[in-house]
A.B. asks: 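Dropping the structure in here first, questions after.
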Amino acid sequence: MPLLLAVLWGWLLFVATPALAGSGQSPALATEAKGYAPEASCLDCHESQVAQWKASDHAWAMRHATPDNVLGNFKDASFDEAGVKARFFRKGDAFFANLEGEDGKPAGVKILYTFGHYPLQQYLVELSRGRLQALTLAWDSRPKEEGGQRWFSLYPGQRFATSDPLHWTGRYQNWNAMCADCHSTALSKGYDDKSDSFSTSWQEQTVGCQACHGPSQSHVTWANQRKAGNSAKAPDDHYGLGVDTRTLDSKGQVEQCAFCHSRRQGLGTGQMPGHPQLDQSLPTTLRTSLYHADGQIDGEVYEFDSFTQSKMFTAGVGCSDCHNPHSTKIKLEGNALCVQCHNPQPPASRFPSLQAKEYDNKAHHHHEPGSAGAQCVNCHMPTKTYMVVDPRRDHSLRLPRPDLAAKTASPDACTSCHQGKQPEWAAKAIDTWYEKPQRPAHYGESFQAVRSGQGNALELLGALLTDKEKAAIVRATAAEQLADLGLPALPSLRLALKDESALVRAYAVSGFANTPPMARQDDLLPLLQDPSLAVRDEAIRALADMPPDSLPEAERARFQTLLADYERRLRGNADLPGGRLNLAVLLTRQGRQQEAMDQYREALRMDPYFVPARVNLVTLASAAQQLDEAETLLREGLALDKMPASDHGNLAYMLALLLVERGKTEEAVNWLDKAASELPGNVRIRYNQGLLLSQLNRRDEALAALRAGLEQAPLDPDLLYTLIYLHAIAGEQEEAFGYVKRMRKAAPQDPRLLAIEPYWTK
């Protein structure tokens, strides 16, 4: 039985951005202005806007650790929880912490920068190779009566070894890779993949004016000339601004915020104000662990991808309709914020489609005016708390649908407030409020059916992909999942390659990665001319294994240029395990297997828990007949503490298959049993378990394993055929025929069924 090969294409992670080589220097102001003005240039002419900005989250994004900026208690304060100990103290105007260092011994570190301000503040210290690291002990800056004014752990009750990437010295607390591009203006990460070091620089240390308005030295020059009495015309229609927000429609404005306010894969370009998002980054889809099946937030995903699901986004609402762009605060408190548009009374809203009726009254919300239940945001923008103390609102602005809770396995806003009540109770209450409550079919039902292995994934996802009424992120999610279904999905994905949404086009590409070369050329070569960099990147990766001389002569030079540029940007983004993996996937597709294996090993050095790299490295080692290394890698992964059950189950499954290949069948049975218990939804494990037990003449156990698989997937043709076979060879004709009848319904055209049909005349 051959080792199950992992699909390299599927293991792509979302990482941070830019891409210059580095020698390991402390972060600093960029030496080249590149059109950016000095940080304080806006103050003289824009006093009001600067005054609002100074108290904003953007202004506090990153500051020097001075007495005016440090909010935490450094008066010899101590922290001791779950084995994590620290002391915070001052020496004059300098701030220090004493805690476990990289070598596991107590170390004194100097605080160089503050990070954020409310409801918490983090602190950055410098380590070797140009790294800034964020302490995992943070200051709760909320008022004391709200539980604040204390040191707390971002990982309550947990202590990480120094080898763990979540330790404060570890990879996932690294500012350069994880945080910097959104907490500073025009950041150049300066990562060198060979030395694993940084030479990071910025144009402005924090999120300043030019982070949104773009490089503005031309504007400053023009303004200074005007102040000096020079009547020279503006250098262009935009007064020299990198981005003139007056010319942006709502979607264009939202895209200016999207680079930082989205969960995304950076493309290695850095932030480029004024450019489309998909020339800078590729937003994630509605993936498991990031989003619930109905699109509600689950992981830390920020706002953009949620907002693009909403009717507000479709209607033309932009960020600045609700938020002051300079102070970052909401424009109006309470329901007044929503009523500015959702109000049939004059003055008329810019969004007539939102003005159906009066919403801010008991007839609509059915709660006492002024109560929590009467607040629009509590029903339509429920919160989830991240970083222990930071509640964030879901920006998908959805109708509360407790009736969908069971169908989508998603939370509902009603019972998040009415704790102790069930969604069914809330759905019945809504029935009594409205004569005909709005309960249209929801894409979450389809995604949950696919997640749970119920229903026909090809049909469900295909219907979502072709429904142009659905948000682009919903359709892109369908495209991404269809790509995993192989050849049957290609007709739908082929149409998606020409979709008007670049996001949909980008996620449709991976379905063609393993199609025959000439067919792949026909489908993907046109995308090398796509206007969006994200789409071109996906296409070049899918075509990376094509020999240049097999391409049309007119395309060869461009292909080589795009491929080299793509690899360069991947190397600049290889500072996280996911970035190393992306690079290794490209190298593998080019046949550079040993280089790819080295990159996977480096990813595991950064994070031994990073299962995608371990799976792919095992796959390459097995293909190269390096079976000892493959087995060692799997056993090392299975021995790690705190391994999530799903990851542990995947490694157990792979080890079982490898052990079968190596003739260690009895041990393989044990690992298959463990994999089946940890991955109850993976019916393929039950299929392999049944085959192996049958080969070992453990027939009753084999039948039990196959039947357990059928409980999860009643229509699975492999399980049904194997049960037919086992009963037939035992002479159990009635039992075998029962499964034949089920297979006739489940897979009437299956060649195996057609081959045995003549023997079943009933």
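Any value given below was found using the heavy atoms of this structure, including those in side chains, with hydrogens, waters and symmetry copies removed.
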A.B. asks: Would you confirm whether His442, through its side chain, and Gly444, through its main-chain N or O, come within 3.5 Å as a donor-acceptor pair?
C.D. replies: yes

A.B. asks: If you define the side chain from C-beta out and look only at heavy atoms, does anything of Pro577 sit under 4.5 Å from Tyr172?
C.D. replies: yes

A.B. asks: Under 3.5 Å, side chain of Thr415 to main-chain N/O of Pro423, donor-acceptor pair present?
C.D. replies: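 Answer holds: no.
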
A.B. asks: Looking at Leu524 and Ala539, what are the two nearest heavy atoms and their distance?
C.D. replies: O-CB, 4.1 Å

A.B. asks: Ignoring hydrogens, what is the shortest heavy-atom contact between His213 and His326? Give both atom names and the distance.
C.D. replies: NE2-NE2, 4.4 Å

A.B. asks: Check for me whether Lys189 meets the cation-pi criterion with Phe198, that is, NZ or CZ under 6.0 Å from the six-membered ring centre and within 45 degrees of the ring axis.
C.D. replies: no

A.B. asks: Check for me whether Arg263 meets the cation-pi criterion with Tyr302, that is, NZ or CZ under 6.0 Å from the six-membered ring centre and within 45 degrees of the ring axis.
C.D. replies: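 Ring-cation test returns no.
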
A.B. asks: With salt bridge (Lys or Arg N to Asp or Glu O under 4.0 Å) as the criterion, how do Asp294 and Arg451 come out once you've worked through the C-alpha distance, each side chain's angles and the decisive distance to 0.1 Å?
C.D. replies: CA-CA 12 Å; Asp294 68 349; Arg451 288 184 181 188; over 6 Å; no

A.B. asks: Tell me the salt bridge (Lys or Arg N to Asp or Glu O under 4.0 Å) pairs involving residues 271-281, sequence neighbours left out?
C.D. replies: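 Checked against salt bridge (Lys or Arg N to Asp or Glu O under 4.0 Å) - neighbours excluded - no pair reaches residues 271-281.
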
A.B. asks: Does any N or O in the side chain of Arg569 come within less than 3.5 Å of the main-chain N or O of Leu267, such that one atom is a donor and the other an acceptor?
C.D. replies: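 Yes.
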
A.B. asks: Distance only, no hydrogens: is a donor on one side chain within 3.5 Å (strictly under) of an acceptor on the other, for Tyr123 and Gln121?
C.D. replies: yes

A.B. asks: Inspect the contact between Arg505 and Asp499 and indicate whether a charged nitrogen and a carboxylate oxygen are less than 4.0 angstrom apart.
C.D. replies: no

A.B. asks: Is it true that Asp244 and Thr247 share a donor-acceptor pair across their side chains at a distance under 3.5 Å?
C.D. replies: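 There is no such pair between these side chains.
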
A.B. asks: Output all residues satisfying ring pair (Phe, Tyr, Trp, His ring centres under 6.0 Å) with His365, sequence neighbours left out; order by chain, then residue number.
C.D. replies: none

A.B. asks: Distance-only, no hydrogens or angles: does the Arg393 side chain make a donor-acceptor pair with backbone N or O of Glu303 under 3.5 Å?
C.D. replies: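 No; zero donor-acceptor contacts below 3.5 Å.
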
A.B. asks: What's the spacing between Gln203 CD and Ser184 OG if we round to 0.5 Å?
C.D. replies: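 OG of Ser184 is found 11.0 Å from CD of Gln203.
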
A.B. asks: Give the minimum heavy-atom separation between Phe447 and Val474, together with the two atoms involved.
C.D. replies: CZ-O, 3.6 Å

A.B. asks: Measuring centre to centre across the rings, with the benzene-like ring taken for any Trp, is His342 within less than 6.0 Å of Tyr359?
C.D. replies: yes

A.B. asks: Going through the checks in order, is the salt bridge (Lys or Arg N to Asp or Glu O under 4.0 Å) test met by Arg571 and Asp193?
C.D. replies: CA-CA 6 Å; Arg571 290 188 180 279; Asp193 64 301; 2.9 Å; yes

A.B. asks: Any salt bridge linking Asp249 with Lys251? Criterion: basic side-chain nitrogen under 4.0 Å from a carboxylate oxygen.
C.D. replies: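 Salt bridge absent between Asp249 and Lys251.
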
A.B. asks: What's the shortest heavy-atom distance between Asp321 and Gly316, and which atoms?
C.D. replies: OD2-O, 4.2 Å

A.B. asks: Report yes or no: does Gln173 contribute a side-chain atom to a donor-acceptor pair with the main-chain N or O of Leu166 at less than 3.5 Å?
C.D. replies: yes

A.B. asks: For the backbone of His219 and the side chain of Ser216, can you confirm whether one donor and one acceptor N or O come within less than 3.5 Å of each other?
C.D. replies: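 Between the backbone of His219 and the side chain of Ser216 there is no qualifying donor-acceptor contact (under 3.5 Å).
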
A.B. asks: Would Asp403 and Arg439 pass as an ion pair if we require N to O under 4.0 Å?
C.D. replies: yes

